[in-house]
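One structure is given below, encoded as structure tokens.
Owing to the predicted nature of the structure, the values given are computational and were not obtained by experimental measurement. Residue numbers start from 1 in every chain, and the chains themselves are labelled A, B, ... in the order their sequence lines are given, proteins ahead of strands.
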2 protein chains.
Amino acid sequence: MDEIDQTIVNLLRTDGRTSYAELARRVGLTAPSVQDRVTKLEKNGIITGYKAVVDSETIGLGITALIGIIPDNSADHLDICERLRAIPQIESCYFLAGVECYQLKVRVPKMGDLETLIHRVGAIPGVAQTRTTITLSTKWEDRPQPVPPEQAGP
Amino acid sequence: MDEIDQTIVNLLRTDGRTSYAELARRVGLTAPSVQDRVTKLEKNGIITGYKAVVDSETIGLGITALIGIIPDNSADHLDICERLRAIPQIESCYFLAGVECYQLKVRVPKMGDLETLIHRVGAIPGVAQTRTTITLSTKWEDRPQPVPPEQAGP
DNA sequence: TCAACGGGTGGACGAGATCGACCAGACCAT
DNA sequence: ATGGTCTGGTCGATCTCGTCCACCCGTTGA
């Protein structure tokens, strides 16, 4: 993970479809060696995939909400996690340090779908309470910040 | 935005580097017509970009936190938003319906950086209070859900 | 009926991806 | 020093892919 790798990662994070030839031009290497580096970055789990970014509203997922979950004492977190994962509308799921020990980011087409979803989450065993907040607008999302310089080892 | 477009979008959301030739095979068209469709999807703002997905921890952004912002009455939201946007560590920013009218998702290398960041956000004019929650683990993030079927028009 | 049009196909050509062979420097044990 | 090995690069050949253009075919509307 040298400086060239960082540049490659930064380029791919802002445009995931950049060709190897183009990357090669940017970093001053040849295409095969860049391809080799990218393959290694993927193998080492640094690059875990590529995604098209889609405007949620225009594809009919106009409503975004954040749902906090407060568990009860008997909560089986493996089970909760598994059941949450089975709900496709939950796009992100964070395990938090706090009373609300999960936060979900969900997207649905209509308010009725959100209501259904909240009931479904609330019905999961171990979930004592949920707290939902509607997002009025997404200012921005998943903006890639540059890879920080490698910190010196111990 | 017919069924074929939906398939293309779903494929590109799960693998943004799928070639046109491969997409063509999947949807049963030829490469040029698929390319044409993708270009139109991009022009119409349905596909807004492509990103490599990177494992934050391995690139040195091991700490993820959620910061809620409670504004004071004098808050100038355009100004707040602009100042927040200038902070690179803020990867996402949602405007919420609630007391905490913004929620930020931030990533930093070390705890010290988070402290600095919280102070910086707290110092923005119009920000009365912040509430930070550390994420202990990210169960999953930005999982693409399939494009919902086009709802019937009015 | 005919022209225009949107959306598709097929072919041609240049650019890109990919593979193998080869090369240079770093490192290590002899 | 010397030779072996390893890593990471280049070069060149080949095959695929992207991209442009001409053409086709069903629909629409005058």
Intermediate values then yes/no, side-chain hydrogen bond (donor to acceptor under 3.5 Å, both in side chains), B/Asp36 and B/Ser33: CA-CA 5 Å; B/Asp36 188 46; B/Ser33 54; over 6 Å; no

- prompt: What does B/Arg17 touch in the nucleic acid at a heavy-atom separation under 4.0 angstrom: a base, only the sugar-phosphate, or nothing?
  reply: nothing

- request: Please tell me which of A/Ala31 and B/Pro32 maps to the more 5' nucleotide of DNA chain D, matching each residue to the nucleotide holding its nearest heavy atom.
  value: A/Ala31

Check whether any side-chain N or O of [X] sits under 4.0 Å from OP1 or OP2 of [N], and answer yes or no.
X: B/Ser33; N: C/dT9; answer: yes
X: B/Lys40; N: C/dG7; answer: yes
X: A/Arg25; N: C/dG16; answer: yes
X: A/Thr30; N: D/dG9; answer: no
X: B/Arg37; N: C/dG6; answer: no
X: B/Gln35; N: D/dG18; answer: no

message: Angle between ring planes, A/Phe95 versus A/His77, binned at 30° and 60°: parallel, tilted or perpendicular?
response: perpendicular

May I have the distance from [X] (atom [atom1]) to [N] (atom [atom2]), rounded to whole angstrom?
X: A/Met1; N: D/dG8; atom1: CE; atom2: P; answer: 14 Å
X: B/Asp5; N: C/dG8; atom1: CG; atom2: C1'; answer: 14 Å
X: B/Ile8; N: C/dG7; atom1: CD1; atom2: P; answer: 13 Å
X: A/Tyr20; N: D/dC11; atom1: OH; atom2: P; answer: 20 Å
X: A/Glu22; N: C/dG16; atom1: CD; atom2: C1'; answer: 12 Å
X: A/Asp36; N: C/dG16; atom1: CG; atom2: P; answer: 20 Å

- request: Taking the side chain as every heavy atom from C-beta outward, state whether B/Ser92 and A/Asp142 have any atom pair closer than 4.5 Å.
  value: yes

statement: Regarding the side chain of A/Leu29, the nearest nucleotide among C/dC19, D/dC17, D/dG9 is D/dG9

message: Side chain of A/Ala21, heavy atoms from C-beta onward: which of C/dG8, C/dT18, C/dA17 has the nearest atom to it?
response: C/dA17

query: Are B/Ile47 and B/Leu23 co-members of a hydrophobic cluster defined by side-chain heavy atoms under 4.5 Å apart?
result: yes

query: Within 45° of the six-membered ring axis of B/Tyr20 and under 6.0 Å from that ring's centre, is NZ or CZ of A/Arg17 located there?
result: yes

